[in-house]
Asks: 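Before I ask anything, let me first share the structure, which is written out below as structure tokens.
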2 protein chains.
Amino acid sequence: MATPTMALPLSTQAEQLKERLLDTLRQRGLRMTPQREAVLDVFFTLPEGDHLTVEEIFEEMGNQPQAELTASVSLATTYRTLKLFVSMGIIRELDFSEDHKHYELIRNPEAPHHHIICMDCGKTAEFESPEIAALVERLAREKNITVVDAQLKIFAECANMVDDDGMFSDHDSLKK
Amino acid sequence: MATPTMALPLSTQAEQLKERLLDTLRQRGLRMTPQREAVLDVFFTLPEGDHLTVEEIFEEMGNQPQAELTASVSLATTYRTLKLFVSMGIIRELDFSEDHKHYELIRNPEAPHHHIICMDCGKTAEFESPEIAALVERLAREKNITVVDAQLKIFAECANMVDDDGMFSDHDSLKK
DNA sequence: ATGGTTGCAAACGATTTGCATTCCC
DNA sequence: GGGAATGCAAATCGTTTGCAACCAT
């Protein structure tokens, strides 16, 4: 058994997630389809922490060379599938105040992470925060609510494209 | 001279804000118009902490009885004006993961506040947090960024419409 | 077989924009 | 007077939906 701190190989992670997906689908009387698998696969194709737009996910599938891994999926189905996955807690919907949403895989549901968005260059950085986790937990108790997700968004200007620790990833957020 | 902790009368607040607006407009070679004043007035007509949609702001102006205070403003101009005000730091754009944005007056730029959004009933609650303020400040220093705004959004389910301290205000967020 | 799923294209809804007209400064 | 601002309607653009065909269970 791997310890919690030991990162699992991607393939195993993917398998586990697909199991989870399949279970939830069955519970709801829904079905597994090549399209749904294709969308899920996209998130494993890309580096962790990436948050893609629907358009990007759609194109990613169209460009996939291996026909076995990803079937052709229509835009409409892509939308439908993403919505479904969000409702199942498999991916998270992000909003960077743009005209479109971003989506990211929830690898560890217990560790929601937060974003810094540069309003000039549009890059984003992510970070986790025990402080916020504690705060959210306290609020949940105080107000008697069940927290589904919590996200801190910091809109900022990263003077000179600061990239001190390689955290900033390239995205098109908040551009104008 | 009023102390910082003493709340200013609304009318004075409004005057001050209009001054600020006028100054910024002049700096940019822009003009004051009855439409812009009308939009600004809407935010003073309503209770503090309200976050309105464009549609609501638009209708609010149409219903205004006093012709002096609010002229008729087209939807297009409402959009244009809101965008302008946001760029001027006079109002804040909020995103509750709905299909439309919300706007609120920034009464105190130093005290950004955060939101809890109930995914079931769509109500929202607001709160401030010194913890987050401190965290954001630390991050700003560490990453050498200039923070423009920071918002924590907590998506939750408020069991039984909990309204323990009257914080929840009625909004249509995240419905469905 | 029999609902859940998909693709397609049409429909939608929020927001933006071109352009002629109006009106601050 | 002259450029900024407005109103109107048309245009955009992301997202949703109706419906017939399809396919997983």
Side-chain angles (χ1 to χ4, degrees), chain A residues 18 21-40 51-59 61-62 70-88 91 93-103 171-176, chain B residues 18-19 21-40 51-59 61-62 67 70-88 91 93-103 171-176:
Chain A
K18 271 178 200 171
L21 173 56
L22 214 67
D23 284 347
T24 317
L25 285 175
R26 284 207 193 90
Q27 279 173 34
R28 299 197 191 179
L30 305 180
R31 299 171 186 169
M32 178 56 104
T33 66
Q35 288 87 340
R36 287 174 181 168
E37 196 161 1
V39 172
L40 194 57
H51 4 78
L52 307 89
T53 64
V54 174
E55 209 62 44
E56 287 168 341
I57 294 166
F58 178 63
E59 284 167 11
M61 289 186 295
T70 57
S72 148
V73 181
S74 73
L75 233 199
T77 295
T78 305
Y79 275 105
R80 282 190 277 235
T81 303
L82 288 171
K83 207 171 176 180
L84 177 69
F85 284 2
V86 167
S87 82
M88 291 169 64
I91 62 176
E93 191 177 81
L94 301 173
D95 205 311
F96 295 156
S97 280
E98 298 176 276
D99 49 359
H100 51 258
K101 303 262 171 64
H102 288 249
Y103 297 88
H171 273 283
D172 56 315
S173 352
L174 247 227
K175 263 317 176 34
K176 153 300 186 29
Chain B
K18 271 177 199 171
E19 275 316 312
L21 172 56
L22 214 67
D23 283 348
T24 317
L25 286 174
R26 283 208 194 89
Q27 280 173 33
R28 299 198 192 178
L30 305 181
R31 301 168 186 172
M32 178 55 103
T33 67
Q35 287 87 341
R36 285 173 183 170
E37 196 162 359
V39 172
L40 194 56
H51 4 77
L52 307 89
T53 64
V54 175
E55 208 63 44
E56 288 167 340
I57 294 166
F58 178 63
E59 285 169 11
M61 290 186 294
T70 56
S72 146
V73 181
S74 73
L75 233 198
T77 296
T78 306
Y79 274 106
R80 281 189 277 234
T81 302
L82 288 172
K83 205 172 178 180
L84 177 69
F85 285 1
V86 167
S87 82
M88 291 169 66
I91 62 177
E93 190 177 82
L94 301 173
D95 206 312
F96 295 156
S97 282
E98 297 176 276
D99 48 359
H100 51 257
K101 303 261 172 64
H102 287 250
Y103 297 89
H171 274 285
D172 57 314
S173 353
L174 248 224
K175 262 316 177 34
K176 145 292 189 44

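The analysis underlying the following values was restricted to heavy atoms, covering all of them including side chains, and did not include hydrogens, waters or symmetry mates. All chains are named by letter (A, B, ...) in the order of the sequence lines, taking the proteins before the strands, and each is independently numbered beginning at 1.
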Asks: Is a donor-acceptor contact shorter than 3.5 angstrom present between the side chain of B/Arg80 and the base of D/dG7?
Replies: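 Indeed, a donor on one side and an acceptor on the other fall under 3.5 Å apart.
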Asks: Please give, in whole Å, the distance from C/dG13 C1' to B/Leu75 CG?
Replies: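 B/Leu75 atom CG is separated from C/dG13 atom C1' by 12 Å.
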Asks: Does a side-chain N or O of B/Arg36 approach OP1 or OP2 of D/dA5 to a distance below 4.0 Å, or not?
Replies: yes
Asks: State which of C/dT15, D/dG14, C/dT17 makes the closest approach to the side chain of B/Ala76.
Replies: C/dT17
Asks: Report the residue from A/Thr77, A/Ile91, A/Leu52 that forms a side chain to side chain contact (heavy atoms under 4.5 Å, CB included) with A/Leu82.
Replies: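 For A/Leu82, the side chain to side chain contact (heavy atoms under 4.5 Å, CB included) test succeeds with only one of A/Thr77, A/Ile91, A/Leu52, which is A/Ile91.
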Asks: Measure from the side chain of B/Arg31, starting at C-beta and using heavy atoms only, and say which of D/dT16, C/dT15, D/dA4 lies closest.
Replies: D/dA4
Asks: Does B/Gly29 or B/Ser74 map to a spot on DNA chain D nearer the 5' end, using the closest nucleotide for each?
Replies: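 Nearest nucleotide further toward 5': that of B/Gly29.
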Asks: Find the distance B/Glu37:CD to D/dA5:C1' and express it as a whole number of Å.
Replies: 15 Å
Asks: Given D/dC8, D/dG14, C/dT6, identify the nucleotide with an atom nearest to the side chain of A/Thr77.
Replies: C/dT6
Asks: Give me the atom names and distance for the closest heavy-atom approach of B/Phe85 to B/Arg36.
Replies: CZ-O, 3.5 Å
Asks: Give me the ring orientation class for B/Phe96 and B/His102: parallel if the planes are under 30° apart, tilted from 30 to 60°, perpendicular past 60°.
Replies: tilted
Asks: So, is A/Lys83 near the phosphate of D/dT15, with a side-chain N or O under 4.0 Å from OP1 or OP2?
Replies: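 Checking D/dT15 against A/Lys83, no side-chain N or O comes under 4.0 Å of OP1 or OP2.
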Asks: In whole angstrom, give the distance that lies between atom OH of A/Tyr103 and atom P of D/dG14.
Replies: 13 Å
Asks: Which whole-number value in Å describes the distance from A/Glu98 CD to D/dT15 P?
Replies: 11 Å
Asks: Relative to the 5' end of DNA chain C, which residue comes earlier, B/Leu30 or B/Asp99, by the nucleotide with the nearest heavy atom?
Replies: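 Nearer the 5' end of the strand: B/Asp99.
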Asks: Considering only heavy atoms and no angle criterion, is a donor-acceptor pair shorter than 3.5 Å present between the side chain of A/Arg28 and the base of C/dG4?
Replies: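 A donor-acceptor contact between them is absent.
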Asks: How close do B/Leu22 and B/Met32 get, heavy atom to heavy atom, and via which atoms?
Replies: CD1-CB, 3.5 Å
Asks: Please give, in whole Å, the distance from D/dT6 P to B/Leu84 CG?
Replies: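 So the CG-P distance, B/Leu84 to D/dT6, works out to 9 Å.
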Asks: Report the distance from atom CE of B/Met32 to atom P of C/dC23, rounded to the nearest whole Å.
Replies: 17 Å
Asks: If the cut-off is 4.0 Å, is B/Gln35 near the phosphate of C/dC24, judged by side-chain N/O to OP1 or OP2?
Replies: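 B/Gln35 to C/dC24 OP1/OP2: no side-chain N or O under 4.0 Å.
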Asks: Take atom NE2 of A/His100 and atom P of C/dT15, then tell me their distance rounded to the nearest Å.
Replies: 15 Å
Asks: What is the distance from atom CG of A/Asp23 to atom CE of A/Met88, rounded to the nearest 0.5 Å?
Replies: 9.0 Å
Asks: Expressed as a whole number of angstroms, how long is the span from A/Arg26:CZ to D/dA24:P?
Replies: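 Whole-Å distance recorded here is 14 Å.
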Asks: Can you check whether B/Tyr79 has a side-chain N or O nearer than 4.0 Å to OP1 or OP2 of C/dT16?
Replies: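 No.
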Asks: May I ask you to evaluate whether A/Thr33 reaches the phosphate of D/dC23, defined as a side-chain N or O under 4.0 Å from OP1 or OP2?
Replies: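 Indeed not, no polar side-chain atom of A/Thr33 lies that close.
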